[in-house]
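Take a look at the structure set out below.
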Amino acid sequence: MTGLKNLYIDGRWSGSVAGLPPRQVLNPADGSVLATVCVASADDVDLAVRSARTGFDNGQWSGMPVRERGNKLREIAQILADNRVNLSHIESLDAGKTLKEAGMDVDDAVSAFRYFANIADLDAGRMVDAGDPNIISRIGYLPVGVCALISAWNFPLQTLTWKLAPALAAGNTVVIKPSEVTPLSTLKLLELLEQADLPAGTVNLVLGPGAQVGTALVQHPGIDLISFTGGSEAGQKVMEAAAKGIKKVTLELGGKNPNIIFADTDFHTAVDNALTAAFVHSGQVCSAGSRLIVQDQIYDRFVRELARRADSIRLGHGQDPETECGPLATAEHRENVERHITQAIADGARLVAGGVRPGEEHLQSGNFLRPTVFADCDRSMAIVREEVFGPVVTVERFSTEEEAVFLANDTEYGLAGAVWSNDASQVHRVAEQLRHGTVWINDYHPYLPQAEWGGFGKSGLGRENGLQGLNEYRETRHIYQNIAPAPSRWFQD
Ligand code: TXE
């Protein structure tokens, strides 16, 4: 035992039974140690899954009337809203995002709990016409069981609550594993959840690296469903584990998202939003508009203005109100992004902004990187095809509408995309042809808890939010009742 008690199992804070060495959580803006937390062993994971199983089987949560569960979710939403300042401060420190962004993440978390509280009892199933007046046939829903919720470091609170709120609304019990890079807002969330007095075993928390703790969790036979947000490589492993255990699985895996700009659109609005699309949270956003596709007539002017604006973005600590972009999540991640930049230059992309670490003295100990713009890109280049997950945007050129659609769909991913034009018919035509889970027209980034979120192709499986976001956490059951039973006479007496 290390004395640390950061795991939450069966309604209590506990330490790792194996006493594994704890892990330091670093501030990405200056490398300082924000906290030291314990690392779960396979035995701790087992205890957490057993606790969730007992919690599920005893029916205290899963058997609670749906309306009461909804009330609990509303209570949680209010607790989070009341703690907005504290939660966003923690998220800003740990994930390196600005306080403004972190506050919006808390608002998203609150909205998710409110939305799923409101829809939990909307749909109790339906009657089915069996074509026989003596048959009562009905469809109903049950919770799936014990869910493993694995969240990512870029939106620690938001990616978790998009899973937790629907999982709880549907009556499941859960074991949460946040990213080892950014566990602090999740720890705070668990602390706040105690105020809602959920039955013991409903929500459990394990901490530690994906390769060990995440693997132990997804391979555990007591898990019925895995909901994962992260990279493709880890997503593939999660899916393999799910396949071995025939577990339900949803994957939210990021993307390479096209942002199409037609020449007739308002120029400055499009440039301004292209920056937001690409560089919010230093591009560490699964739906980042990292691939600009710009029409011929405005291409050169667009590239010049984009580069000028990118060069003036202010980097800094998330808590500094002057900061527009924070650091990257880890030193290793920055090196990965830099490798992508080096490769892009070798492939012939024209660097017109950034590509380097900032020179300012006070940024030297953080994982900062200047917002980077590459022009003259084409789809043969790795920088156009691969997810970089950093402050890097590429610009390609197109002339016709058909070409724009072709380029935008020419990706293995399919999470999100946008189209900008003043021609109402054109934007609709283009949007209808884009094979991406979310398509924005003359906007970028907004999402709604009531609208499904998720991707085509390698962007993942299943959907979060919306009605489908709830249904991922429910089993469908058909009950067929014969009210006039009689011998079937299939076999002779
Ligand atoms: O995430 P990982 P990483 C993308 C982005 C980034 C890349 C890698 O391109 O550069 O993924 O990021 C847990 N079994 N996105 O390496 O490893 C892990 O502990 C079970 C996109 O930091 O995918 C963490 O909790 N769990 C993305 C979570 O999975 C495993 C957000 C994500 O970690 C595991 C983040 C395993 N085998 C990165 N391996 C998005 N969709 O927004 C890891 N984990």
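Remember, it's 1-based here, ligands and their atoms both numbered in the order they're listed.
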Close-range residues for ligand 1, whose non-hydrogen atoms fall below the 4.0 Å threshold: I150, S151, A152, W153, N154, K177, P178, S179, E180, G210, G214, T215, F228, T229, G230, G231, A234, K237, V238, E252, L253, G254, C286, H333, E387, F389

Tell me every residue that passes ring pair (Phe, Tyr, Trp, His ring centres under 6.0 Å) with F116, counting only those two or more places apart in sequence or in another chain. none

With sequence neighbours left out, write down each residue that passes ring pair (Phe, Tyr, Trp, His ring centres under 6.0 Å) with Y473, or none if nothing qualifies. none

Is it the case that T250 and S227 place a side-chain donor and acceptor less than 3.5 Å from each other? yes

Within 45 degrees of the ring normal and closer than 6.0 Å to the centroid, is that where the cationic atom of K237 sits relative to F228? no

So E412 and K256, do their side chains get closer than 4.5 Å, heavy atoms only? no

Go through the structure and list residues passing side chain to side chain donor-acceptor pair (under 3.5 Å) with S51, not counting sequence neighbours. N204

